[in-house]
Amino acid sequence: MKKIVIALFAFAMIASGNVFAELDNPGGTGGVDSLRGSTRLEDTRPADDFKKYPKEQALESSFVYQPPLIPHSIRNYEVSLNANKCLACHSWKNAKEMGATKISVTHYVNREDAVLADMSPRRYFCLQCHVPQAEATPLIGNDFERVQSLK
């Protein structure tokens with residue numbers, strides 16, 4: 001009998017906790033705003049406008065060892081196991097002819113610091129580190145400041 005009373009009491013506490021949580025937070029978001037906005041998960045919201053990319057204007061780095069930003073649109077670029085569109089312009093073989101920046105020599109070094117004749121497999125997927133620079137408002141506010149100098 002004692003176990004039944006304790007079980008009923010525990011169930012009542014859990015149920016009342018859920019009720020109070022719903023009263024404190026009627027929308028169920030916990031105060032966190034979704035990138036979807038007010039659109040419910042079951043509904044399809046309209047697509048965002050395309051970001052505007054500045055034409056061949058490279059931004060300065062914000063921190064030491066920051067991978068350079070891509071100063072052009074990469075829409076419809078394929079970077080997969082079978083193809084890498086970036087290498088059509090930025091490989092050492094094609095960079096001068098295409099007027100593009102060469103891939104850094106660090107991309108030809110493997111994990112054991114051995115220099116390779118071809119690009120290291122761990123550096124093949126460019127978009128892991130390099131992102132296009134777009135004129136877009138930040139998704140969330142921040143107070144990040146660029147480094148002025150190294151001390």
| field | Partner residues of T44 under the side chain to side chain donor-acceptor pair (under 3.5 Å) criterion, sequence neighbours left out | value | none
| said: S104: which residues meet the side chain to side chain donor-acceptor pair (under 3.5 Å) condition with it, sequence neighbours left out? | reply: T106
| request: Is it possible for you to say whether M119 and V109 belong to one hydrophobic cluster, with membership spreading through side-chain heavy-atom contacts below 4.5 Å? | output: no
Reported [atom1]-to-[atom2] distance for the pair [X] and [Y], which is rounded to 0.5 angstrom:
X	Y	atom1	atom2	value
Y77	C86	OH	SG	7.0 Å
R123	N110	CZ	CG	11.0 Å
K85	E78	NZ	CD	10.5 Å

| task | Check ring-ring contact (aromatic ring centres under 6.0 Å, His included) between Y124 and all other residues, then give those that pass, not counting sequence neighbours. | result |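 Once residues adjacent in sequence are excluded, Y124 has no partner under the ring-ring contact (aromatic ring centres under 6.0 Å, His included) criterion.
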| task | Under the side chain to side chain contact (heavy atoms under 4.5 Å, CB included) rule, collect the residues that match up with V131, sequence neighbours excluded. | result |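 Testing V131 for side chain to side chain contact (heavy atoms under 4.5 Å, CB included), a comparison that skips the adjacent residues, returns L69.
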| Listed partners of R111 passing side chain to side chain contact (heavy atoms under 4.5 Å, CB included), at least two apart | R122
Side-chain contact, heavy-atom cut-off 4.5 Å: [X] with [Y]?
X	Y	result
P71	Q133	yes
C126	N84	yes
H72	I74	yes

Donor-acceptor pairs under 3.5 angstrom involving side-chain atoms of residues 89-99: please list them, not counting sequence neighbours.
residue: H90; atom: ND1; partner: T101; partner atom: O; Å: 2.7
residue: S91; atom: OG; partner: L87; partner atom: O; Å: 3.1
residue: S91; atom: OG; partner: N94; partner atom: N; Å: 3.3
residue: S91; atom: OG; partner: N94; partner atom: ND2; Å: 3.4
residue: W92; atom: NE1; partner: I103; partner atom: O; Å: 2.7
residue: N94; atom: ND2; partner: A88; partner atom: O; Å: 3.1

